[in-house]
Structures are given as C-alpha cells and as structure tokens.
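What follows is one structure encoded as structure tokens, with my remarks underneath.
Not measured: the values here are computed from a predicted model.
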Amino acid sequence: MIEYNEVSWNAMISGFTSNGLHSEAFDLFLLTKNEGIMPNVLTMISVSKAVGKLGDDDKGKELQSFASKLCMESDMQGRTALIDMYSKCASLHDAGAVFDANFMNCGVNVPRNAMISRYLQNGCGQEELDLYVRMCQKDIKADIYTYCSVFNAFAALKYLWFGNAVHGMVLKSGSEMMVISVYNAIADAYAKRGALEEVRKVFDRLEERDIVSWTTLVTAHSQCSEWEEALTIFSQMREEVFRPNQFTFSSVLVSCAGLCLLEFGQQVHGLLCKAGLDTDKCLESALVDMYAKCGSIGKAEAIFERISNPDTVSWTAMILGYAQYGFSEGWNSWV
C-alpha cells in the first residue's frame, strides 16, 4: 500500500489482537501516533482487548491517558472497553474508578453488567453485590444478564436470605425476566446453599428445561448426600432424552460411590464412554473414586494407570480406596 489511513491501521491492529499477537498490536498502536494517524474509538477498543490479554495495567493507563487527550473516553463503548481491560488486568480499583466516574448514574446496563461480571470473575462477589445494591438504590432496573451474575455471586457467597429477596424481585419483574438462564442461576444459588426444597420449586416452575437445569438438580441432591434421589432424577432426565454432560456424570458417579452401587456405576461408565467423555480429567478421577469406594480396586487401578498426568484428586481417590479396604501394599507400590 502506498498510503495508509485509519481503516487500514485498525484492520492491522484488530488482526494482531484477534490472532493473539497482543504485544504487536500495542506496538502498532504506538506507531500510529508516530505516523500522524489519529486513532478512533475502534482503535481504542481493539488495543484495550490486547492490553487486557497482556494483563499490563501500565499499558492500560497509557491507553486511557491517550484516549482522554483525544476526548474518546466519553464514548460509551470506549469507557466500557476500559472497564473490561482493567478488570482483565486484575486492576479492579481502576476499573471501578472508570465506572464510578462515568456510569454510576447511567441507566444503561451494558457497562454495569460488565463491571458486575468482572467482580465475579475476579472472586469479588461481595463487591459485586454492593454494586447491585447501589444500583437498586438508584432505581436502575436490572436485566437478565444482571440477575444471572448476581445469583452467581449469591451461589459463591451462600447468601440465602439475600438470594430470596432478589428472587422475589425477579418474580415481580414479570415474564420478561422469567427465562431459563435466570432460573438456572437461581436454582444454582439455592443448590450451593443446600436448599433442596427451593431448588425443586424453581425446577418445577420451569416451563422449559435444558441440561443445565437437570444437572443443577442432580448435583444439588448429590452434594447433600441425597444420592438415591440424585440417581432417580438422572434416570428421569434420560427418559426425557436429555444428554448428560461431564458435570452431570460427575455428580452421578459421586452418588454411585456414596451408595456403593457398582453395577449402576458401571452402566454410567458405559454411557460416558459412548458420549466420548471417558478421557475427561475430572471424570477419570470420579471413576477412580467410584470404583475404589465400590470395592473394585482392580478397575480403579486400571483407570488410574491410564491417566496421563494424575492430579491430587486422582491420587487421593486411589490412596483412599486402598486404605478403605486395607490394601496397604497397594499404597506402598505407588510411593
């Protein structure tokens, strides 16, 4: 090309970012200034993604400073991109500062949802709920994405009473909020708290269910040692022609181990082999645990030996299996 313009520069920066060449994308952004090219909001969004992947908040502050000089920081997409960038750099203080300065009184939910979800992803569930409370105090209406993130925070923090209150708000919001993703998030929050009756109520209220709905119900019962009911629900799920995923199988294997149901466990093993999930890391560990607790040490050993890189869970399952049945020689052979 004889001449370059902002479109061609943006195409190159975006291309570098999309292909994982994040340092190159940032360097190219710096080069635009030297070439006298005026970056625009699209440039800023692409570069912020690259900086977020690099996790370099110093580069992020350099980008924000440049955006401020060009008055691009006032653009909603640009500000949201900055929040996302700082969050991925684990610099939630800077992300919060951008949010508070630009969006605290804004009725648009996109940047608020970005901030809420980033708090959750960085393990800051309390900060997420605080932001949601401030949002409610300003009479800003939550949407589907807000509720899904908030209930995920409830699940992590196990705030059942708070979850009950927000659940009531969802019901009052009308049919527009009564979608399967929100109900699944609500059910998961109750499940993490061990509130099986509430999980069942939410599940029964669903007019339409998916594999997440069924898996949440199975897992809730399995985690509360209601193993027989977990297996019953699993059978009902299969009767309704839902295909289990690795999370469903994991909870079912835990239930089989708890009840020492070797035959049922073998059938589940066959199902997950047909589903092509027999080499899943978590399921391999669950199979070792199930066979060991059901007294089939030889089968547990066979699965353990084929695991390419056993983790702590796999080793512990095998060791406990030997200990449970008094096979101290087996433990010595692994040391």
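Two rings, from W315 and F304, have their centers less than 6.0 Å apart. Aromatic ring centroids of F203 and W214 lie under 6.0 Å apart.
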Item checked: S149/N152 under side-chain hydrogen bond (donor to acceptor under 3.5 Å, both in side chains): CA gap, chis, key distance, verdict -> CA-CA 5 Å; S149 293; N152 285 333; 5.4 Å; no
Note to self: What verdict does the salt bridge (Lys or Arg N to Asp or Glu O under 4.0 Å) test give for D130 and R134, after you've listed the backbone C-alpha separation in whole Å, the side-chain angles of each residue and the deciding distance to 0.1 Å?
What the structure shows: CA-CA 6 Å; D130 290 343; R134 288 155 65 195; over 6 Å; no
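Residues K299 and H269 have side chains in contact (heavy-atom distance under 4.5 Å, counting atoms from C-beta outward). Side-chain contact between L261 and W227 is absent, with no heavy-atom pair separated by less than 4.5 Å. Side-chain contact between R243 and I211: absent, with no pair of heavy atoms (C-beta onward) separated by less than 4.5 Å. Counting heavy atoms from C-beta on, the side chains of L259 and F264 never come closer than 4.5 Å. Side-chain contact between N10 and S46 is absent, with no heavy-atom pair separated by less than 4.5 Å.
Across L277 and N245, no two heavy atoms sit closer than the pair CD1-C, 4.1 Å.
Checked by atom type and distance alone, the side chain of S14 never pairs as donor or acceptor with a backbone atom of A11 at under 3.5 Å. No donor-acceptor distance shorter than 3.5 angstrom exists from the side chain of S65 to the backbone of K61, with no hydrogens or angles considered. Side-chain atoms of S48 come within 3.5 Å of backbone N or O of I45 as a donor-acceptor pair. Panel note: side chain S18, backbone G15; no donor-acceptor pair is recorded below 3.5 Å.
No path of Ile, Leu, Val, Met, Phe, Trp and Tyr side chains, each step under 4.5 Å between heavy atoms, connects V313 with I303, placing them in separate hydrophobic clusters.
The existence of a salt bridge linking K192 and D188 is confirmed by a sub-4.0 Å separation between a basic side-chain nitrogen and an acidic carboxylate oxygen.
In this structure, CG on L82 lies 10.5 Å from OG on S87, to the nearest 0.5 angstrom. Between the CE atom in M237 and the CD atom in E239 there is a gap of 10.5 Å [rounded to 0.5 Å]. Atom CG of D289 and atom CG of L320 lie 8.0 Å apart (nearest 0.5 Å).
A donor-acceptor pair shorter than 3.5 Å cannot be found between the side chains of Q246 and D280. Under the 3.5 Å distance criterion, with hydrogens and angles disregarded, no donor-acceptor pair is assigned to the side chains of N184 and S181.
Other residues, nucleotides and ligands contribute over 12 non-hydrogen atoms within 6.0 Å of the CD atom of Q236.
The salt bridge (charged side-chain N to carboxylate O under 4.0 Å, His left out) check on K53 picks up nothing, with sequence neighbours excluded.
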